[in-house]
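Only one structure is covered here, and it is reproduced in the block below.
Values in this document were obtained by computation on a predicted structure and should not be read as measured data.
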Amino acid sequence: MTYVVRGLDPAPYRHLFGLPDDELSKRGVVRMTVDDPTYPCRVSLTDRTEGESVLLVNHVSHEVANPYRASHAIFVTEADEPPAEFVDVIPPVFETRVLSLRGFDADGMMADAILTQPGEADSGIRKLFANPAIETIHAHNATRGCFSAKIERN
């Protein structure tokens with residue numbers, strides 16, 4: 001069994017790149033300057049470099065017509081980068097964080113969920129995908145609850 005972890009497509013956010021802060025504010029977006037290595041970009045799936053600019057936006061991570069529909073704040077870099085793709089490899093943003101891994105079935109209903117400690121993401125993903133009912137897994141940072149990435153069978 002293999003899996004793939006993909007970063008978000010930056011296209012929905014490109015129109016925000018370079019806008020003045022007052023224009024971002026009108027759209028519910030906040031520009032922040034990275035001041036420590038804990039600003040995880042959901043496009044690159046890396047923690048961004050100190051001094052770099054990132055946008056804090058609301059993102060619908062599970063757009064379903066059931067009670068598990070979810071949205072939360074995420075960071076995206078203002079750099080125009082392609083979405084990351086990690087096949088059977090854990091992205092850098094997973095390595096140092098406690099994760100909530102949430103397994104969803106074909107109807108978008110949560111079938112199972114587990115917490116993983118730093119270094120345990122791969123085994124947690126494989127454990128959830130051992131359940132054939134689980135089609136996708138959403139990784140969330142356990143501390144702040146924000147969406148980190150979607151994981152699919154490959």
Side-chain angles (χ1 to χ4, degrees), residues 1-17 27-30 32 34 36-49 52-154:
M1 192 277 311
T2 65
Y3 61 87
V4 60
V5 185
R6 288 189 181 91
L8 295 177
D9 181 355
Y13 306 106
R14 282 192 187 112
H15 72 283
L16 302 170
F17 296 178
R27 293 165 171 84
V29 177
V30 176
M32 301 180 80
V34 175
D36 64 52
T38 60
Y39 291 70
C41 173
R42 290 353 186 266
V43 174
S44 67
L45 301 179
T46 62
D47 286 308
R48 302 312 291 197
T49 306
E52 187 175 348
S53 175
V54 294
L55 299 177
L56 183 63
V57 301
N58 186 269
H59 171 73
V60 177
S61 60
H62 195 51
E63 193 156 356
V64 293
N66 70 40
Y68 287 107
R69 185 179 196 281
S71 71
H72 205 289
I74 63 166
F75 292 113
V76 294
T77 180
E78 283 195 86
D80 195 11
E81 298 179 357
E85 182 173 292
F86 296 86
V87 178
D88 289 334
V89 177
I90 297 302
V93 294
F94 286 9
E95 293 174 359
T96 60
R97 290 176 169 85
V98 176
L99 298 174
S100 169
L101 299 178
R102 304 166 187 179
F104 294 95
D105 66 16
D107 296 321
M109 295 295 289
M110 193 179 303
D112 199 359
I114 58 173
L115 285 176
T116 61
Q117 298 300 313
E120 297 176 354
D122 179 76
S123 62
I125 291 166
R126 292 179 187 283
K127 179 178 179 180
L128 286 175
F129 276 145
N131 177 345
I134 293 177
E135 289 200 354
T136 62
I137 298 170
H138 290 201
H140 290 253
N141 295 331
T143 304
R144 299 221 178 200
C146 49
F147 174 78
S148 188
K150 185 176 180 179
I151 306 152
E152 298 174 303
R153 294 176 188 272
N154 192 26

- Message: Between F75 and V34, is there a side-chain heavy-atom distance shorter than 4.5 Å?
- Response: no
- Less than 4.5 Å apart, any side-chain heavy atom of L8 and any of I74? yes
- Look at the aromatic rings of F147 and H59 and report parallel, tilted or perpendicular, splitting at 30° and 60°. tilted
- Query: What closest approach, in Å, do P92 and L45 show between heavy atoms, and which atom pair accounts for it?
  - Reply: CD-O, 3.4 Å
- For residues N141 and L99, determine if any side-chain heavy atom of one lies less than 4.5 Å from a side-chain heavy atom of the other. yes
- Message: So, taking the atom named NE2 in H138 and the one named CD1 in I151, what distance separates them when rounded to the nearest 0.5 Å?
- Response: 9.0 Å
- Item | Closest approach of H62 to G108 (non-hydrogen atoms, all atoms of both residues) | NE2-O, 2.9 Å
- Message: To the closest 0.5 Å, what do you measure between CG (L55) and OH (Y13)?
- Response: 10.0 Å
- Query: Nearest 0.5 Å, what's the CZ-CD distance between R6 and E152?
  - Reply: 5.5 Å
- Any side-chain heavy atom of K127 within less than 4.5 Å of one from I125? no
- Can you name the nearest heavy-atom pair linking I134 to A111, along with the distance? CG1-CB, 3.9 Å
- For F129, does its backbone N or O pair with a side-chain atom of R153 as donor and acceptor, under 3.5 Å? yes
- Item | Gap between atom CD1 of I90 and atom CG of D122 - 0.5 Å precision | 5.0 Å
- Task: Could you tell me whether the side chain of D107 and the main chain of M109 form a donor-acceptor pair under 3.5 Å?
- Result: no
- Point-to-point distance, once rounded to the nearest 0.5 Å, from CZ of R42 to OG of S148: 5.5 Å
- Look only at the side chain of T2 and the backbone of N154, and say whether a donor-acceptor pair between them is shorter than 3.5 Å. yes
- Heavy-atom side-chain proximity of R97 to D47 below 4.5 angstrom: yes
- Task: Side-chain contact test, heavy atoms from C-beta onward, threshold under 4.5 Å: evaluate it for F104 versus V64 and give yes or no.
- Result: no
- Side-chain contact, heavy-atom cut-off 4.5 Å: R48 with C41? yes
- Note on the structure: What one should report as the nearest heavy-atom pair of S44 and A84 is O-CB, 3.3 Å
- Message: Test your reading of the model: is there a side-chain donor-acceptor pair from R126 to the backbone of Y3, 3.5 Å cut-off?
- Response: no
- Item | Smallest separation among heavy atoms of A121 and L101, with atom names | O-CD1, 4.0 Å
- When every non-hydrogen atom of V98 is compared with those of P118, the smallest separation belongs to CG2-CD, 3.9 Å
- Item | Inter-residue atom distance I114.CD1 - E120.CD, 0.5 Å rounding | 8.5 Å
